[in-house]
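Here the structure comes first, spelled out in structure tokens, and everything after it is commentary.
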Amino acid sequence: MLDASQASRARFITFEGGEGVGKSTQVKRLLANLANAAIDAVRTREPGGTAKAEAVRSFILQGRSESWGPGGEAVLFAAARLNHVNELIAPNLAAGRWVISDRFHDSTRAYQGLTGGVDDKLIVALETLALDGHGPDLTIMLDMDPEIAFKRVAQRAIEDGLALTGDRFEKEDIDWHKRLRASFLAIARDNPDRCVVISAEQSEDALEAAIWSVVSAKFPELAGRARA
Ligand code: T5A
């Protein structure tokens with residue numbers, strides 16, 4: 001049974017997974033469903049979310065940090081995260097607004113740590129520093145074969161009339177992305193109370209329904225509230 005303070009506490013939900021698995025699509029759909037359930041929520045992303053963190057995003061995704069190596073990049077992601085937590089995540093949660101983030105600290109652990117080889121001590125130190133107690137209440141891990149995800153990203157580029165150039169990490173080879181997938185699954189296994197793995201190899205509508213079912217089961221204050 002929830003007491004009144006737990007029931008009214010704003011929740012922090014993160015979406016994680018490899019490239020092109022459908023995180024952004026589902027973050028938007030969850031926001032719409034929360035709005036329909038009369039929950040005030042903000043959408044954000046990493047790297048980014050604040051002006052300073054978006055500047056770090058551009059620097060990294062343009063490939064300008066590549067020569068820093070995975071350790072240097074982990075520090076840059078954490079610097080962006082520290083600002084994101086201080087200026088956006090913590091103030092919104094304190095004001096009673098739920099926060100839904102497209103990627104968060106598990107991405108550093110998966111990309112730079114488990115797949116990139118950065119020492120776990122540095123990853124843990126950066127998490128402690130940047131999160132400052134503001135860890136997610138729930139993490140939705142969208143899981144799929146990276147070869148299928150890359151076809152989706154290529155199709156999106158065709159539809160948008162853009163060249164498929166690939167940003168800093170999309171350029172890594174398929175074996176790297178298979179190891180990345182295994183890294184996210186390992187994080188989920190290590191954090192069973194927080195992480196829920198959902199197959200992203202289903203339609204957008206089916207995935208949206210699966211995510212709502214997980215979110216509404218995790219947070220009893222949503223019981224009986226309709227989604228969009
Ligand atoms: N990074 C980030 C690190 O290395 N360390 C860190 O600490 C952090 C925070 C961020 C990059 O930075 C790295 C990870 C990344 O490489 P990004 O642009 O945010 O860059 O990268 P992605 O998160 O991969 O963004 P994408 O937009 O490519 O992927 P999404 O958001 O997972 O997918 P989405 O929703 O845009 O969908 C992709 C395409 O598939 C279609 C969509 O319409 C779209 O065309 N689609 C579906 N098609 C069929 N069925 C479905 N169910 C579909 N869902 C979506």
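All values reported here derive from a predicted model rather than from experimental measurement. When a ligand or atom number is given, it counts from 1 through the structure's own listing order.
Ion pairing between a basic and an acidic side chain is recognised when a charged N comes within 4.0 Å of a carboxylate O; Glu201 and Arg152 show no such pairing. Ion pair Asp120/Arg109 flagged as a salt bridge, since at least one NZ, NE, NH1 or NH2 atom sits closer than 4.0 Å to an Asp/Glu carboxylate oxygen. Remark: Asp143 engages Arg181 in a salt bridge, criterion side-chain N to carboxylate O under 4.0 Å. Ion pairing between a basic and an acidic side chain is recognised when a charged N comes within 4.0 Å of a carboxylate O; Asp205 and Arg29 show such pairing.
Of the polar atoms of Gly22, at least one N or O is found under 3.5 Å from an N or O of ligand 1, judged by distance alone. At least one N/O-N/O distance between Val21 and ligand 1 falls below 3.5 Å.
Ring to ring, Phe77 and Tyr111 are not that close: their centroids are 6.0 angstrom or more apart.
The heavy atom nearest to atom 2 (C) of ligand 1, considering only Phe77, Tyr111, Phe15, is found in Phe77. Of the candidates Gln202, Gln26, His105, Arg152, the one placing a heavy atom closest to atom 48 (N) of ligand 1 is Arg152. The closest non-hydrogen atom to atom 27 (O) of ligand 1, taken over Glu208, Lys23, Arg156, Glu19, comes from Arg156. The closest heavy-atom contact to atom 55 (C) of ligand 1, among the options Asp106, Val56, Thr25, comes from Thr25.
Close approach of ligand 1 to Glu46 (heavy-atom distance below 4.0 Å) involves ligand atoms 9 (C).
Listed by chain and number, the residues in a ring-ring contact (aromatic ring centres under 6.0 Å, His included) with His177 are Phe150 (sequence neighbours excluded). Shown here are the ring-ring contact (aromatic ring centres under 6.0 Å, His included) partners of Phe15, two or more places apart in sequence or in another chain: there are none.
Residue-level proximity to ligand 1 for Ala149 is absent, since no heavy atom of it falls below 4.0 angstrom. Residue contacts with ligand 1, taken as heavy atom pairs separated by less than 4.0 Å, involve Arg57 solely via side-chain atoms from C-beta onward. Counting heavy atoms under 4.0 Å from ligand 1, residue Gln112 touches it through the side chain alone. Contacts with ligand 1 closer than 4.0 Å are made by side-chain heavy atoms of Arg103 only, the backbone lying farther away. By the criterion of a heavy-atom distance under 4.0 Å, the side chain of Leu61, and not its backbone, is placed next to ligand 1.
By the 4.0 Å heavy-atom criterion, Gln155 is excluded from the residues contacting ligand 1. For the pair Arg81 and ligand 1, a heavy-atom separation below 4.0 Å is found.
There is a side-chain donor-acceptor pair under 3.5 Å between Thr139 and Arg194.
Under the salt bridge (Lys or Arg N to Asp or Glu O under 4.0 Å) rule, Glu46 has a single partner from Arg81, Arg57, Lys23, Arg103, which is Arg81.
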